[in-house]
Amino acid sequence: MKVIIIGGVAGGATAAARIRRLDEQAEIIVFERTGFVSYANCGLPYYIGGVITDQKKLTLQTPDGFWNRFRVRVKTYHEVIEIRTEEKNIRVKNLLTGEEWTETYDKLLLSPGARPVRPELPGIDSKKIFTLRTVEDTLRIREYIEKNSPKSAVLVGGGYISIETAENLCKAGIDITIIQRPKQLMNTLDPDIASFVHEKMRSNGISLSLGRTVTGFREEGNKILTLLDGGESLAADMVLLAIGISPENRLAKEAGLSLGVKGSIVVNDRMETSAPDVYAVGDAVQIKNLVTGGDAVIALAGPANKQGRIAADNICGLESRYCGSPGSSIIQIFDLTAACTGLTEKAASSAGIEYESVVLSAASHVSYYPGAKPMIMKVVYEKKTMRILGAQIAGGEGADKRIDVLAAAILAGLRADQLKELDLAYAPPYSSAKDPVNMAGFMIENIETGKVKQYHWNEAAGLPRDGSVTLLDIRTAPEYDREHIDGYINIPLDDLRERLNEIEKSKPVYVICQSGLRSYTACRILSQNGFDCYNFSGGYLFYKKIMRDKMLNETAAKK
């Protein structure tokens, strides 16, 4: 059997190694148009910033290494320029010599990846404008920084690559401004959780210009101007475009393969394309969203590696199927960890799902053990079925552990209230006896069994201040005096039972505390005494963070 693989990196390289482990006699050839067949995409920003100092560390496997270990022939700087599915052959070009020839195949695997979006804007071809997708891109940026010592940079886009590069350039002493058309960074998060990302970026000196559209670029002296809607411009020494990626589909399209969402290559759960004996994996393919069951493009290393293995299994005659992905991801932003899996509230709403969410403020481990770090966890679930739709976490250590547990719960099909039943490892340095994941389950159970009703941050400002409802802050007097939401009266929790006569039973009561725990206790007291009570989800500190972020975004937009 002769297997040709187009593209390396995660999916292609994984498939090549797996095929060899399954079939010692197969002839395997990998064609890669860049100079690197297997490298750490996710590590590229850290080489730019000097966290990774040795360029060789970015390379996970070399052509010689592939041959020595797996007897896989890897041809770098070789581009496949045509696929003929009926003849079962491809046309290959040596990019160093210009030579072209035809290779036949028994099985063909496409792993072309994705290309950075580069819109047709005035001035887009300036040599001061960069994209970051390959090792070659990284080396160009690193070389530019070393030669020109830029003092400022504009990053267009607010996703993972942009944020990671911004942090690394910032640590290298470069002034950073991020411009993003949506009014938040990281569209994999809801705006409330994204506010924690915004705060961390700003507190480290990174400027955010959100809700703005780039209209073009212009070189002016030694600077590059980023032109914005409204006629404004930002001057910097360099620009990084990180506004998204598109599936690399030229070969597939010209070969007549079926295309789907965003031009991605349509595959079934065996990673087979519409052409016989042709498979595809990685950032270029359309897969199923594990939560909605709908078609999606999820460009992440984890899914690409799994798809490469599954394609290899099927190429070698085994039965292996890909069930889809919830899109689990994580990012380090200075000392903040932001992580997510599954659907946000925005995505659930767009999918037409009736959902609810809980927000809890927790700590990475018990507070009495030194070093506990705060975290905000949000769990979204479907009201009718109680299935977990997704989760988001912003915090310090331990955020990765919790998001992985929640991702596993989604795959296992656990109900949201079953999170309370998970038997999670506990010792004071690592967690608490009631882990935050368990606490989310307790909260969901309380809501769905009617023990407590809740209201959310985006509802607080719209509550009437005309006396038709009671707005109650049950924190201590010093906490309340320090800061509170206008219209809320203060009755400390420990005094509540003795002061129930101060609250009218005929009016709904909306309760808030610092984190949501004391207000829950207050609601239990009130509801058992005949009051119609609602608990604020997330607490005052959560609300304060969101409102401050909104204010800063509005202020920045007016500049």
Side-chain angles (χ1 to χ4, degrees), residues 1-81 90 92-99 101 103 105 107-115 131-143 146 161 248 251 279-284 299-309 311-312 315-316:
M1 179 174 64
K2 182 178 180 181
V3 182
I4 288 179
I5 299 174
I6 302 174
V9 196
T14 295
R18 175 68 171 172
I19 291 168
R20 173 57 72 227
R21 287 192 290 268
L22 295 175
D23 188 345
E24 186 63 20
Q25 306 306 317
E27 179 185 2
I28 308 168
I29 307 173
V30 178
F31 291 109
E32 169 60 50
R33 65 184 174 188
T34 73
F36 302 85
V37 65
S38 180
Y39 57 89
N41 297 68
C42 301
L44 300 182
Y46 300 97
Y47 179 72
I48 291 173
V51 176
I52 298 173
T53 57
D54 186 353
Q55 178 190 327
K56 294 179 181 178
K57 296 291 187 182
L58 296 174
T59 303
L60 304 178
Q61 187 61 275
T62 65
D64 286 344
F66 256 114
W67 177 255
N68 293 336
R69 178 65 56 84
F70 298 109
R71 292 300 188 267
V72 170
R73 281 195 288 154
V74 174
K75 301 288 187 180
T76 55
Y77 298 115
H78 282 66
E79 182 175 11
V80 176
I81 56 178
I90 61 170
V92 185
K93 181 177 182 178
N94 184 325
L95 298 178
L96 299 179
T97 67
E99 177 190 6
W101 73 95
E103 285 275 0
Y105 66 83
K107 304 286 185 179
L108 178 66
L109 174 64
L110 307 183
S111 179
R115 60 185 180 276
T131 56
L132 179 57
R133 185 67 179 171
T134 66
V135 173
E136 285 88 348
D137 294 336
T138 308
L139 299 180
R140 279 192 291 270
I141 296 171
R142 177 78 173 259
E143 180 182 21
E146 290 174 348
I161 289 294
E248 184 59 79
L251 280 173
Y279 299 75
V281 300
D283 296 353
L300 294 168
N305 276 280
K306 295 180 183 71
Q307 293 159 19
R309 179 185 174 91
I315 285 171
C316 293

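What you see is a predicted model, and the numbers here were worked out from it, not measured in a lab.
- For the residue pair A284 and G113, the shortest heavy atom distance occurs at CB-O, 3.3 Å.
- You'll find the side chain of I48 reaches within 4.5 Å of the side chain of T138, heavy atoms only.
- With a 6.0 Å cutoff to the six-membered ring centre and a 45° limit on the axis angle, R71 counts as a cation-pi contact of W67.
- A donor atom on one side chain and an acceptor atom on the other are found under 3.5 Å apart for E103 and W101.
- Looking at Q307, its side chain does come within 3.5 Å of a backbone N or O of G282 through a donor-acceptor pair.
- Annotation for A10 and A301: closest pair CB-O, 4.4 Å, computed over non-hydrogen atoms.
- Using a 4.5 Å cut-off on side-chain heavy atoms (C-beta onward), L251 and I6 make contact.
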| request: List the steps, then state whether side chain to side chain contact (heavy atoms under 4.5 Å, CB included) holds for I141 with L139. | output: CA-CA 5 Å; I141 296 171; L139 299 180; over 6 Å; no

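- In this structure, NZ on K93 lies 7.5 Å from CD on E79, to the nearest 0.5 angstrom.
- Atoms CG and OH, from L108 and Y279 in turn, are 10.5 Å apart once rounded to the nearest 0.5 Å.
- The two residues T14 and G308 make their nearest non-hydrogen contact at CG2-C, 4.3 Å.
- Between K2 and I29 there is a side-chain heavy-atom pair separated by less than 4.5 Å.
- The distance from the CD1 atom of I28 to the CE atom of M1 is 7.5 Å, given to the nearest 0.5 Å.
- For the pair V135 and L44, the minimum side-chain heavy-atom distance is below 4.5 Å.
- Residue T76 holds its OG1 atom at 9.5 Å from CG of L95, rounded to the nearest 0.5 Å.
- Under a 3.5 Å cut-off, the side chain of D23 and the backbone N or O of I19 do not form any donor-acceptor pair.
- Side-chain atoms of F31 and I5, non-hydrogen and from C-beta on, never get closer than 4.5 Å to each other.
- Summarising the geometry of L109 relative to V281, their closest heavy-atom pair is CD1-CG1, 3.9 Å, with the distance given to 0.1 Å.
- For the pair E32 (side chain) and T34 (backbone), a donor-acceptor distance under 3.5 Å is present.
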| said: Quick one, F36 with T134, criterion side chain to side chain contact (heavy atoms under 4.5 Å, CB included). Give me CA distance, side-chain angles, the key distance, then yes/no. | reply: CA-CA 9 Å; F36 302 85; T134 66; over 6 Å; no

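- For R142 (side chain) and Y47 (main-chain N/O), a donor-acceptor pair under 3.5 Å exists by modelled atom type.
- Between the CZ atom in R140 and the CG atom in L132 there is a gap of 10.0 Å [rounded to 0.5 Å].
- A distance-only check finds no donor-acceptor pair linking the side chain of N305 to the backbone of G302 [under 3.5 Å].
- Contact between R20 and F70 at its shortest, heavy atoms only, is NE-O, 2.6 Å.
- Summarising the geometry, atom CZ belonging to R18 is positioned 6.5 Å from atom CZ belonging to R21; distances are rounded to the nearest 0.5 Å.
- Judged by the 6.0 Å and 45° rule, R73 forms no cation-pi pair with F66.
- Salt bridge status for R133 with E248: absent, with no side-chain N to carboxylate O gap under 4.0 Å.
- Within the 4.5 Å cutoff, no side-chain heavy atoms of V9 are placed close to those of S111.
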